[in-house]
Amino acid sequence: MLRQSLIVIALASLCACSASPVDPQEFAGRYKDRFSTQIKGKDIKLFTYRASLATSSQRGIDDDLPHNQRISRKKQDASSYRREQARKQEMLEAWGEHVEVGLVKTLAMTGYCQTGYIELSRYVTSDRAEIRGECNEGATEADIEKFGR
């Protein structure tokens, strides 16, 4: 009876470890971003923030498996497929959070959109993301001088 209890506890602990949430910091140093601004009309301030994950070769990491081995993997069972898909969804959500944090930091560093912004569009895929927005405040002469039209 004690042995069965220990086995159950060990399995529960193992499952809890494998289900740990994804930390957005996992993406630190693994992506490239670009911030572009555009001032339209008299004072409309727009921006586009783009980010993309660096490929393993760009980061100097070799792929674990050769192409033919990745293609010929044996079929997964349904439960492992569901776990893999859940993990991919967690990674996608964490990547989206990381991109948003990158945008907020970029806006703070540049001084663009000092009173916040309205999000016009957003798309996030597993390796790329883009957030487009319009600043709440209008452009000043200093903004036009610093960021151009």
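- The shortest side-chain heavy-atom distance between Q85 and Q89 does not fall under the 4.5 Å cut-off.
- In this structure, CZ on R87 lies 12.5 Å from CG on L92, to the nearest 0.5 angstrom.
- Salt-bridge check for E137 with K45: passed, with a basic side-chain N closer than 4.0 Å to an acidic carboxylate O.
- You'll find the side chain of E97 stays beyond 4.5 Å of the side chain of V101, heavy atoms only.
- Under the 4.5 Å side-chain criterion, counting only non-hydrogen atoms from C-beta, I131 is not in contact with Y123.
- Residues satisfying the side-chain hydrogen bond (donor to acceptor under 3.5 Å, both in side chains) test with Q38, not counting sequence neighbours, are none.
- The number of heavy-atom neighbours closer than 6.0 Å to NZ of K146, taken from other residues, nucleotides and ligands shown, is above 12.
- Here T37 contributes atom OG1 and R149 contributes atom CZ; the two are 11.5 Å apart, rounded to the nearest 0.5 Å.
- At a threshold of 4.5 Å between side-chain heavy atoms, the hydrophobic network of Ile, Leu, Val, Met, Phe, Trp and Tyr places V104 and V99 in two separate groups.
- Between F35 and Y49, the ring-plane angle classifies as tilted under the 30° and 60° cut-offs.
- Although no hydrogens or angles enter the test, the distance criterion places no donor-acceptor pair under 3.5 Å between the side chain of E93 and the main chain of E90.
- Within the 4.5 Å cutoff, the side chain of N136 has heavy atoms near those of the I118 side chain.
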Would you check, one step at a time, whether the test side-chain contact (heavy atoms from CB on, under 4.5 Å) holds for Y31 with W95? CA-CA 10 Å; Y31 75 102; W95 168 234; 3.8 Å; yes

I39 and L46: CA distance, side-chain angles, deciding distance, side-chain contact (heavy atoms from CB on, under 4.5 Å) verdict: CA-CA 6 Å; I39 298 176; L46 303 170; over 6 Å; no

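- Checked by atom type and distance alone, the side chain of E119 never pairs as donor or acceptor with a backbone atom of R132 at under 3.5 Å.
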Could you please spell out the steps behind the side-chain contact (heavy atoms from CB on, under 4.5 Å) verdict for L103 and Y117? CA-CA 11 Å; L103 171 61; Y117 65 92; 3.4 Å; yes

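- Taking R50 as the reference, E130 meet the side-chain hydrogen bond (donor to acceptor under 3.5 Å, both in side chains) condition, with sequence neighbours excluded.
- S36 places none of its side-chain heavy atoms less than 4.5 Å from the side chain of F47.
- Taking the side-chain hydrogen bond (donor to acceptor under 3.5 Å, both in side chains) definition, one finds that T125 meets it with D127, sequence neighbours left out.
- Between E100 and R122 there is a salt bridge, since a side-chain N of the basic residue sits under 4.0 Å from a carboxylate O of the acidic one.
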